[in-house]
K.L.:
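Following this message is one structure expressed as structure tokens.
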Amino acid sequence: MKKIIFTLLIGLFTFNFSSAQFGDGGGEVYLNGDLIDAKFQGGGIDKFYDFIIENFDVSTVEKKGQIIFTFNVNELGEVKNIRILRDLGTNSAIELIRVLKKTPKWEPAKRGGKPISIQLKMPLTFN
């Protein structure tokens with residue numbers, strides 16, 4: 001069953017890296033190249049989406065479309081300030097929040113070698 005859900009979800013989830021917004025959590029975006037992105041479990045965004053796929057209950061999705069969400073990865077690598085900007089119904093929003101709250105710590109982003117908080121904005125698309 002998990003393999004079926006994984007196969008189904010891998011086709012349903014999409015990520016547009018250009019939509020990720022990195023900053024200090026206060027809206028500042030660093031473009032000067034000295035920002036090192038946060039890493040999820042030693043990998044990138046793909047590993048993060050794998051985590052969502054493994055933990056998200058797709059039966060909570062009430063209709064086709066896209067969920068847009070934001071969250072911060074703070075200096076300690078913790079996921080904080082989760083916000084659903086666009087949902088596909090209350091149940092899917094609650095389920096996404098549940099999954100994001102159980103996210104293991106990230107390796108925090110760094111600027112000038114020091115950990116910083118960043119904000120990520122991401123879509124999940126359900127067809």
K.L.:
For the atom pair CG (Asp50) and CD1 (Ile52), what is the distance rounded to the nearest 0.5 Å?
P.N.:
9.5 Å
K.L.:
Do Asn72 and Val79 come close enough that some side-chain heavy atom pair is under 4.5 Å?
P.N.:
no
K.L.:
Begin with the C-alpha distance, continue with both residues' side-chain angles, and end with the deciding distance and a verdict on ring-ring contact (aromatic ring centres under 6.0 Å, His included) for Phe126 and Phe56.
P.N.:
CA-CA 12 Å; Phe126 296 89; Phe56 191 93; 5.7 Å; yes
K.L.:
Should Leu120 and Phe69 count as side-chain neighbours, where that means a heavy-atom distance under 4.5 Å?
P.N.:
no
K.L.:
Write down the atom of Glu95, the atom of Asn55, and the distance for their closest heavy-atom approach.
P.N.:
OE2-O, 3.4 Å
K.L.:
Side chains of Leu35 and Lys110: closer than 4.5 Å at any heavy-atom pair?
P.N.:
no
K.L.:
Please report the C-alpha distance between Ile36 and Arg111 in whole Å, then the side-chain angles of each, then the deciding distance to 0.1 Å, and finally whether the side chain to side chain contact (heavy atoms under 4.5 Å, CB included) criterion is met.
P.N.:
CA-CA 6 Å; Ile36 298 172; Arg111 183 168 191 223; over 6 Å; no
K.L.:
Which pair of non-hydrogen atoms, one from Gln66 and one from Pro123, has the smallest distance, and what is that distance?
P.N.:
NE2-CB, 3.4 Å
K.L.:
Using 0.5 Å steps for rounding, measure from the CZ atom of Phe40 to the NZ atom of Lys105.
P.N.:
13.5 Å
K.L.:
Of the non-hydrogen atoms in Met122 and Ile45, which two are nearest, and what is the gap between them?
P.N.:
CE-CD1, 3.4 Å
K.L.:
Which heavy-atom pair separates Ile68 from Lys121 by the least distance, and what is that distance?
P.N.:
CG2-CE, 3.8 Å
K.L.:
Test of understanding: with side chain to side chain contact (heavy atoms under 4.5 Å, CB included), list the residues that count as partners of Leu76, not counting sequence neighbours.
P.N.:
Asn74, Glu78
K.L.:
For the NZ atom of Lys63 and the CG atom of Leu88, what is their distance to the nearest 0.5 Å?
P.N.:
6.5 Å
K.L.:
Given side chains that start at C-beta, do those of Leu100 and Phe48 come closer than 4.5 Å, heavy atoms only?
P.N.:
yes
K.L.:
Find out whether Ile94 and Arg98 are in side-chain contact, i.e. whether some heavy atom of one side chain is under 4.5 Å from a heavy atom of the other.
P.N.:
no
K.L.:
If you take all heavy atoms of Asp87 and Ala93, which pair is closest and at what distance?
P.N.:
CB-CB, 3.9 Å
K.L.:
Is it the case that atom CZ in Arg83 sees more than 12 heavy atoms from other parts of the structure closer than 6.0 Å?
P.N.:
no
K.L.:
Same cluster or not: are Leu85 and Val99 linked, directly or through other Ile, Leu, Val, Met, Phe, Trp or Tyr residues, by side-chain heavy atoms under 4.5 angstrom apart?
P.N.:
no
K.L.:
For the CG atom of Asp57 and the CG atom of Leu96, what is their distance to the nearest 0.5 Å?
P.N.:
12.5 Å
K.L.:
Evaluate Phe51 against Thr103 for side chain to side chain contact (heavy atoms under 4.5 Å, CB included), listing each step before the verdict.
P.N.:
CA-CA 8 Å; Phe51 175 83; Thr103 302; 3.6 Å; yes
K.L.:
Do the side chain of Gln41 and the main chain of Lys47 share a donor and acceptor less than 3.5 angstrom apart?
P.N.:
no
K.L.:
When you compare the side chain of Ser92 with that of Ile67, does any pair of heavy atoms fall below 4.5 Å?
P.N.:
yes
